[in-house]
Novice: 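One structure coming up, written as structure tokens, with questions to follow.
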Amino acid sequence: MGNMKKLLNKTLGPFILYALVILLCSIPAYIYLVNKIWVNELDEHHRGIKSKIEKGFNDLNYAEPQLSNTINLWNSLQHGVQVKPGDSNSISKENLYTINKFDPFHNEEEQFRGLSSYITINQKSYLVTIETNMEEMDETIIAIASVAIGFFLLLLLGFIILNRRISKQVWKPFYKTIEKLEAFDLKGNASLHLEKSNTVEFEQLNQAVTKLVEANISVYNQQKEFTENASHELQTPLSIIKSKLDLLLQYPALSKEQAEMIESINIPLSRASRINKNLLLLAKIENQQFDEKEWVNIGELLNMDIELFSDQIESKNITIHKDFNMRTVVQTNKSLVEILLANLLLNSIRHSAEKTQIKINLNDNQLSFANTGDVSLNKESLFKRFISTSDQNRSSGLGLAIVKQICNRYKWQIIYSFDNGFHVFTIKL
Amino acid sequence: MKILIIEDEKELADNISIYLSSENYVCEFAESFSQAIDKIDIYQYDCILLDLMLPGGDGIKILEELKKMNNHDGVIIISAKNSLEDKIKGLQLGADDYLAKPFHLSELAARIYAVIRRKQFGSSNIIEINELNIDILAKKVTVGKTDVTLTKKEFDLLLFFIGNKNKVVSKSAVAENLSGDMADMFENYDFVYAHIKNLKKKLNDAGCTNYIKTIYGTGYKWEI
């Protein structure tokens, strides 16, 4: 699947990205707001202090120089609040400011919020300067950012959990449909039954898929029936031609040329009936007409086939190397396996040059046939119908298609490889 | 000897009858299920050739009918279906042999010959042709007093020829007889020549007349 993603994960990505952007934008907004409130609160606080100082000194009701001494004492104790004699003309002016300055207490440059205003003590004007360190702002920013990130992670977790839940529940019918489609086999003779869904889109999908599959089943069945009927109907005319040739051969006045002509008709005629028989066989396998199963000893069948084809093996001077586990048994349909083995052996014999070897290996889980060859065969088309792999025209073009069909029927894997000058057909039983 | 050909394809039935008539065979025809039933009810046959797909009924039913009648005529099924179930069912119901269409007439003649001999002679099935003596059950061949040791294929070949006395059999028919269903899968029929050569040699060495004639290199004839 490589770069493929699940549909829900595709929608999840942008959602998460959007949430991240919004949360990131919220951080400066929070900082601005908190800063503003903080400054306001400080200003209010400073005004309060100013009023308390004014009231406090007036309540003391000290006379000079006791008042000046007390103010000096105050100034030396309270670094943040300074009271100095001021210009009585500027009595109503209040100044709010933010400055950076060196804080001897913390021994570094820091930000301060300040208020300078005038108060009246004993009818005399004084300038009050109140400054408060704003160092807490840094911590506030960190705290807000952490909270924002924390919430983002919560959001993320929530998205993922919700996503899983949704995919499990909402998308259930969709996945069921996919599962059914994957398991569906056109050759299996079964129709497709999709569950009803209460989601409009899924129900639409199911209906469309069902319609498509039904059309396919119908076309497939027609094709199968056609093959079967056509092959069937051909048997009779083929029989008539064959018997006519046999009769023709009985004429005493037959010349050499005529006799040869008859024999040369017999050969393609045999081929035509072979193709016909094989097409019928394929149709029957597809129709699941070979149901009975029994325990079949593969080695015994192979030996019988080698015996049956001994003429062809000898006439080509082929040496057969057998390495059989004679105990290998498979529960299957005997006639089909006979056809499978005969086809593979014949294939090897037919495509072998004279004086070569055929190696047949059989063990509990695989069977392989190897015969010599010059170049690798086309793996794509090898098992297709009517694809001839050589220039020998006596092939029915169906032998390997039948082999493949039988393997499919029993879910055996068949692999072709070209190895060290050998064509190797391996069946994993 | 009487043979009933139950076959709806007239042309094929005629061909079979022409091929068989030059021997001692007399052929009768039935082209439908009902005709076939009528004929087997009245007459006795040495061998019945039965096509399974007939107008008016399934050929298998005719076998059932024969069984019910306790009729022991030899039956050879000739079918275009070539289906294993039909073959097994047919043989279980008492058919003696099964031949898939299309077939060589020589193959059919050899099968008919074998079925009739089995029915007629049972346990003492011995063919005598002049000096040649063939014990079919024991698979033993003697020429005069000399035993001839034949391989299984040579023995089958000999019976195939004897079932087609004085008939030209084509090389492809011999090949199909030897290799069965798969004969047509091979590039050449050279192996036919090898077997016939061996058979001829073994018979000649034992002092048997050379009955097997080669016809233009494309066919053979057991001439007597």
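Order of the sequence lines sets the chain letters (A, B, ...), proteins ahead of strands, with each chain counted from 1. Just the heavy atoms: all of them, side chains too, but no hydrogens, waters or symmetry mates, feed the values below.
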Novice: Start with the C-alpha distance between A/D246 and B/K167, add both sets of side-chain angles, then the distance that settles side chain to side chain contact (heavy atoms under 4.5 Å, CB included), and finish with yes or no.
Specialist: CA-CA 9 Å; A/D246 284 334; B/K167 287 273 192 296; over 6 Å; no
Novice: So which residues of residues 248-257 of chain A are in contact with chain B at a heavy-atom cut-off of under 4.5 Å?
Specialist: A/L249, A/Q250, A/L254, A/S255, A/K256
Novice: Grab the two heavy atoms, one from B/E176 and one from A/S270, that are nearest each other, plus how far apart they are.
Specialist: OE2-OG, 3.4 Å
Novice: Less than 4.5 Å apart, side chain to side chain, heavy atoms only: is that true for B/N15 and A/K244?
Specialist: yes
Novice: Can you tell me how far the CD1 atom of B/I88 sits from the OG atom of A/S335, to the nearest 0.5 Å?
Specialist: 6.5 Å
Novice: Considering heavy atoms only, which positions within residues 3-10 of chain B lie below 4.5 Å of chain A?
Specialist: B/E9
Novice: Taking the side chain as every heavy atom from C-beta outward, state whether A/L247 and B/L105 have any pair of such atoms under 4.5 Å apart.
Specialist: yes
Novice: Could you check whether atom CG of B/N210 has more than 12 heavy atoms from other residues, nucleotides or ligands sitting under 6.0 Å from it?
Specialist: yes
Novice: Can you confirm whether A/Q357 is buried at CD, in the sense that more than 12 heavy atoms of other residues, nucleotides or ligands lie under 6.0 Å from that atom?
Specialist: yes
Novice: Side chain, backbone, both or neither: which part of B/V192 has an atom under 4.5 Å from a heavy atom of chain A?
Specialist: neither
Novice: Are there more than 12 heavy atoms of other residues, nucleotides or ligands under 6.0 Å from atom NZ of B/K213?
Specialist: yes
Novice: Atom NZ of residue position B/K2 - does it have more than 12 heavy atoms of other residues, nucleotides or ligands inside 6.0 Å?
Specialist: yes
Novice: Around atom CE of B/M1, are there more than 12 heavy atoms of other residues, nucleotides or ligands at under 6.0 Å?
Specialist: yes
Novice: If you count the non-hydrogen atoms of other residues, nucleotides and ligands that lie under 6.0 Å from NZ in B/K221, is the total more than 12?
Specialist: yes
Novice: When you look at CZ of A/F324, are more than 12 heavy atoms from neighbouring residues, nucleotides or ligands closer to it than 6.0 Å?
Specialist: yes
Novice: Would you mind telling me which of A/L308, A/N266, A/L269, A/I241 has the largest number of heavy-atom pairs within less than 4.5 Å of chain B?
Specialist: A/N266
Novice: Chain B heavy atoms under 4.5 Å from A/E307: which part of the residue, side chain, backbone, both or neither?
Specialist: backbone
Novice: Would you mind checking which part of A/S243 comes under 4.5 Å of any heavy atom in chain B, side chain (CB onward), backbone (N, CA, C, O), both or neither?
Specialist: both
Novice: Is the number of heavy atoms from other residues, nucleotides or ligands within 6.0 Å of NZ (B/K200) greater than 12?
Specialist: yes
Novice: Locate the shortest heavy-atom distance separating A/S273 from B/P102; write the atom from each residue and the value.
Specialist: CB-CG, 3.4 Å
Novice: Search all heavy atoms of B/F191 against all heavy atoms of A/Q312 and return the closest pair with its distance.
Specialist: CE2-NE2, 3.0 Å
Novice: For A/K277 and B/K101, work out which heavy atoms get closest and say how close.
Specialist: CE-O, 4.5 Å
Novice: So what's closer than 4.5 Å to chain A heavy atoms on B/Y19: side chain, backbone, both or neither?
Specialist: both
Novice: Supply the atom-to-atom distance B/S170 OG to A/K242 NZ, rounded to the nearest 0.5 angstrom.
Specialist: 8.5 Å
Novice: So what's closer than 4.5 Å to chain B heavy atoms on A/L280: side chain, backbone, both or neither?
Specialist: side chain
